[in-house]
Amino acid sequence: MDSTKETSNTYKEDLLLRMGLNDNKAGMEGLDKEKINKIIMGATKGSRFYGNELKKEKQVNQRIENMMQQKARITSQQLREAQLQVDRFAMELEHCRDLSNTIVHVDMDAFYAAVEMRDNPELKDKPIAVGSMSMLSTSNYHARRFGVRAAMPGFIAKRLCPHLIIVPLNFDKYRVVSKQVGICLAPTSICSWVSCRIRSQLQMPRHNWPEERRRYFIKTGNSAENDEPGKEVNNLSEYELSASPLLFEDSPPDLQPPGNPSQVNCKEQNKLQIPQKSVVFGTSAEEVVKEIRFRIEQKTTLTASAGIAPNTMLAKVCSDKNKPNGQYQILPSRQAVMEFIKDLPIRKISGIGKVTEKMLKALGIITCAELYQQRALLSLLFSETSWHYFLHISLGLGSTHLARGNLQVEG
DNA sequence: GCTAGAAGGACCC
DNA sequence: AACCAGGGTCCTTCTAGC
């Protein structure tokens with residue numbers, strides 16, 4: 001085989017991985033990546049940015065080469081010892097596994113773009129992005145179909161989607177909405193964290209309110225003033241009912257759907273319900289989260305997605321699973337966690353970026369199960385902090401508590 | 001050699 | 001026509017001073 005040719009081919013692939021479309025985002029499945037990458041590379045080639053990326057790519061390749069050399073020097077004796085040590089540690093971690101907390105990760109759908117679409121209905125059915133010609137902060141789902149996404153320069157986005165509308169950033173507006181969302185979270189949780197970018201995690205106590213406190217009267221119209229439970233809101237129309245995901249069914253997580261014994265999976269369709277004037281939410285975690293999302297939508301007319309899991313790491317991954325306007329729960333059992341983790345690509349985990357992804361890929365690791373299989377090797381090749389982190393991930397472990405203190409709104 | 005602090009990198013949104 | 005963020009955390013590596 002022509003080795004020069006092969007090197008240049010892998011090199012090209014490397015660059016595409018670094019500079020090409022990153023479709024690791026909701027709403028970007030099944031795109032014509034090849035076509036999109038061609039346009040991106042055509043627009044970026046020769047720029048200062050391109051030169052810099054080339055340099056960084058070489059550094060990463062060097063790191064990988066060093067790692068592979070180190071790997072080649074490892075003896076089977078060393079590996080056996082490492083295996084014992086790592087497994088001892090894994091057993092300790094397993095012993096301390098805490099499934100008693102319910103962590104919820106709430107994430108607004110295409111937040112900035114959604115706010116702009118809400119405030120300018122003309123944008124509703126058009127591909128839009130928020131930012132400038134030099135940099136985009138986010139895009140709506142129409143635009144994502146063209147490969148337009150956050151952190152992409154606007155001028156490249158325009159090449160991918162010539163009729164893309166770019167709306168300038170309006171932070172003051174997002175701050176206001178972000179505060180409103182915070183208010184929606186507060187009564188159902190013991191603490192939460194809300195940022196301007198709208199991502200928040202909450203830890204839930206058991207939700208044992210009486211039914212009256214869980215009853216909501218459907219609100220209509222744009223004004224979003226009346227969100228107190230139990231207060232009457234008028235003018236219910238079928239239109240508005242269908243525009244809003246209605247969340248009537250009360251299915252506690254222990255009532256599992258057949259065929260999927262360990263997980264409850266729900267992605268609501270905006271189905272037209274029999275007109276009713278009030279909604280009552282149940283007391284299961286799933287229901288509380290539906291309630292939170294309902295409150296957010298009533299208050300802001302924007303949708304949110306959420307993940308429910310026994311720790312923050314998993315909750316975050318879950319929140320992406322049924323995006324937009326959906327939620328997903330991993331039930332608090334070891335089996336459910338391991339089942340979820342098994343085929344999960346490590347890149348989906350917060351903290352594993354493109355460099356770590358590439359280094360681990362060089363060791364044949366793509367999924368969390370593979371990460372677990374290679375645990376002994378990883379302990380010999382990476383720092384203690386890193387391999388501990390990898391081991392936590394591969395066991396589906398994460399932080400089970402959030403920083404104390406009530407609502408923080410960051411701007 | 002050791003350590004504290006600075007600098008730099010990876011990653012996140 | 002030209003145009004590829006900015007602010008944060010956490011970790012690793014470098015370096016100066018002992």
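The sequence lines fix the lettering, A, B, ..., with proteins before strands; numbering per chain opens at 1.
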Could you tell me whether the phosphate oxygens of B/dG9, OP1 or OP2, come under 4.0 Å of any side-chain nitrogen or oxygen in A/Lys55? no

Checklist entry - So do the side chains of A/Val317 and A/Ile341 get within less than 4.5 Å of each other, counting heavy atoms only? => result no

Considering only heavy side-chain atoms of A/Arg347, the closest of B/dC13, B/dC12, C/dC4 is B/dC12

**Asked** Between A/Arg63 and B/dA10, is there a side-chain N or O to OP1/OP2 distance below 4.0 Å?
**Response** yes

- Query: Any side-chain heavy-atom pair from A/Arg88 and A/Met91 closer than 4.5 angstrom?
  - Reply: no

**Asked** How is A/Lys56 classified with respect to the nucleic acid when contacts are heavy atoms under 4.0 Å: base, sugar-phosphate, or nothing?
**Response** nothing

In numerical order, the residues of residues 356-391 of chain A whose heavy atoms come under 4.0 Å of DNA chain C are A/Ser383, A/Thr385, A/Ser386

A/Tyr174 vs A/Tyr112 aromatic rings, parallel, tilted or perpendicular, using cut-offs 30° and 60°?
parallel

Take the angle between the ring planes of A/Phe340 and A/Tyr328 and call it parallel below 30°, perpendicular above 60°, tilted in between.
-> tilted

task = Check whether any side-chain heavy atom of A/Arg347 sits under 4.5 Å from a side-chain heavy atom of A/Asn22, and report yes or no.
result = yes

Numerically ordered, the residues 151-164 of chain A set in heavy-atom contact under 4.0 Å with DNA chain C is A/Ala151, A/Pro153, A/Phe155, A/Ile156

Among the nucleotides B/dA10, C/dC4, C/dA2, whichever has the atom closest to the side chain of A/Val60 is B/dA10

Out of B/dC12, C/dC4, B/dC11, minimum distance to the side chain of A/Ser350 belongs to B/dC12

Query raised in the report: So do A/Arg145 and A/Leu31 actually touch side chain to side chain, heavy atoms under 4.5 Å?
Result: yes

When rounded to the nearest Å, what value does the distance between P atoms of C/dC4 and B/dC13 take? 23 Å

Quick one: are A/Ile308 and A/Thr102 in side-chain contact, heavy atoms under 4.5 Å?
yes

Checklist entry - Heavy atoms under 4.0 Å, any strand shown: does A/Ile40 hit a base, just sugar-phosphate, or nothing? => result nothing

Closest of C/dA2, C/dC4, B/dC12 to the A/Met133 side chain is C/dA2

